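See structure below.
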Number of protein chains: 2
Amino acid sequence: MRCTTRHGVYTSSSDPATLRVLLWRRALDPHIGRWSLPGGRLRPDEDTETSIRRQLAEKVDVKTLTHVEQLGVFSAPNRVPGPRVVATAYLGLMPSDVDPVVPEDTAWHNVDDLPRTAFDHADIVLEARERLRAKLSYTNLGFALAPKQFTISALRDLYSAALGYPISATNLQRVLSRRGVLVPTGRTAAPGRAGGRPAALFRFAHRDIRVTDPFAVFRPPAASSNRRSRTRGPGSKPVT
Amino acid sequence: MRCTTRHGVYTSSSDPATLRVLLWRRALDPHIGRWSLPGGRLRPDEDTETSIRRQLAEKVDVKTLTHVEQLGVFSAPNRVPGPRVVATAYLGLMPSDVDPVVPEDTAWHNVDDLPRTAFDHADIVLEARERLRAKLSYTNLGFALAPKQFTISALRDLYSAALGYPISATNLQRVLSRRGVLVPTGRTAAPGRAGGRPAALFRFAHRDIRVTDPFAVFRPPAASSNRRSRTRGPGSKPVT
DNA sequence: GCAAAAGTGTTAGGCTTACACCCATGC
DNA sequence: GCATGGGTGTAAGCCTAACACTTTTGC
């Protein structure tokens, strides 16, 4: 039995209206020539996340992963023809404004229009997309997709592409600001040639993942009259 | 490198006010004699979930897992002394009213008061607890902990134990009923010897996991005037 | 001035929490 | 009758979605 890792790298680079994944063509049988998620072997001295960052940097020049997260183990006995292979799949994200030089046999693919892939890699990609969609709603994960500075409408395009349906810039700004996720930089972007009011530039308050809307329901008893009690962990107790 | 599985089995059996995990004493070095999560090897013809159900049934007579879910891969290079071991950890749940006969070297432990464990198994247990807590809030996962029929106050005790803080029976009933998670059976339980109104008996509407509160925010545009739009997936579009 | 893009004000509705109050039973 | 546990009514608060309206720019 072999244990491998498979890396999903997502971005909306170049075209901000699409969510893309980096695939390469398999150089070996089985499924030689088909598009597949980049992957490779774990070195003895590294954990899986370190391994993924190293391999993506070495093999496809992707050095700017802003977030890496484990998706899970794919272990169906016949998911790969021939000897049993158990794969651990990851979701990696990079900002929309970086565009690494990728090798000849590697290309970005629109997640909503995947080519035929090797093995179960299409399933892995779709599971990664669901994970991303969910976490955009209850965490600050947008930081991993956005440039360091951005306008609200640019951020709206990113969220709309990742979620798959239109998002209102008005409410996006309000929700993320109230949660303390978004911070104004004070600067503005120049308007396009069609005119329009110059857009304010924002940045994310934190560049590590945080849960910003932890409890759908069954929240712990309110701690005094603190309005921000929703942002606390389940272990928090009333101060009194 | 070895790939193993580690099984976390949680319940609130016997004492409904505590959340418990099944541990056994290691029979081999390293860390011989310490409490550890049950685990074992994957057979060639089974995937990981099948493997876990089989091993728990064979080795510790736990045959009634109502839910099994992957936690993730634990891969830190030195998490186990000696040769490298990468473990895939699982969360398994069973109802509070079953009490399997477990072997001599196996025992239930209160999750809030763990003994010294082998390796990083205490970390795994705590991560499993966090997963359970989160999913109780936005899914119907309570079905996996509850008996087939139960009173609201019994269910409240289960939720309170798992979440770690008191839950109101009033609101638990209302929220789960409105979401369609809970269904009245029409029957009632006899009151205790201290008297009191007989409690109505309920059951879970479904016995497979479902997301009941999918979007904290950034919901898709409302589909007509359907009040249940929150229960739809992100791919749903307006009907018109 | 006018179109275009960005941002603000305001309203409405959904959902959960909190709490007061009514119900049914044993003793 | 009264204590005890169970269940309902209701009001308040928070939050997001929707949309009208204002602001600032290019031409």
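Remember, predicted model here, so these are calculated numbers, not experimental data. Protein chains get the first letters and strands the later ones, always in sequence-line order, with residue 1 at the start of each.
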N/O (side chain, B:Thr170) to phosphate O (OP1/OP2, D:dG7) under 4.0 Å: no
Candidate nucleotides D:dT24, C:dA6, D:dG6, ranked by approach to the side chain of A:Pro198 - the nearest: D:dT24
Taking only the side-chain heavy atoms of B:Asn171 (C-beta and beyond), determine which of C:dA18, D:dG6, C:dA5 contains the nearest atom. C:dA18
Of the candidates C:dA4, D:dT16, C:dA24, the side chain of A:Ala194 sits closest to C:dA4
When the distance from CZ of A:Arg197 to P of D:dG26 is rounded to whole Å, what number comes out? 13 Å
With a 4.0 Å cut-off on heavy atoms, is B:Ala169 in touch with a base, just the backbone sugar-phosphate, or nothing at all? nothing
Less than 3.5 Å between a donor and an acceptor, one on the side chain of B:Arg174 and one on the base of D:dG9, is that the case here? yes
Ignoring backbone atoms, establish whether A:Gln173 has a side-chain N or O less than 4.0 Å from OP1 or OP2 of C:dA6. no
Any donor-acceptor N or O pair under 3.5 Å, side chains B:Asp157, B:Ser160: no
Any A:Arg156 side-chain N or O less than 4.0 Å from OP1/OP2 of C:dG7: no
Under a 4.0 Å threshold between the charged nitrogen and the carboxylate oxygen, would A:Asp97 count as salt-bridged to A:Lys148? no
Are the side chains of A:Thr117 and A:Val125 in contact, using a 4.5 Å heavy-atom criterion? no
Less than 4.0 Å between a side-chain N and a carboxylate O, is that true for B:Arg131 and B:Glu127? no
Is any side-chain nitrogen or oxygen of B:Arg178 closer than 4.0 Å to OP1 or OP2 of C:dT16? yes
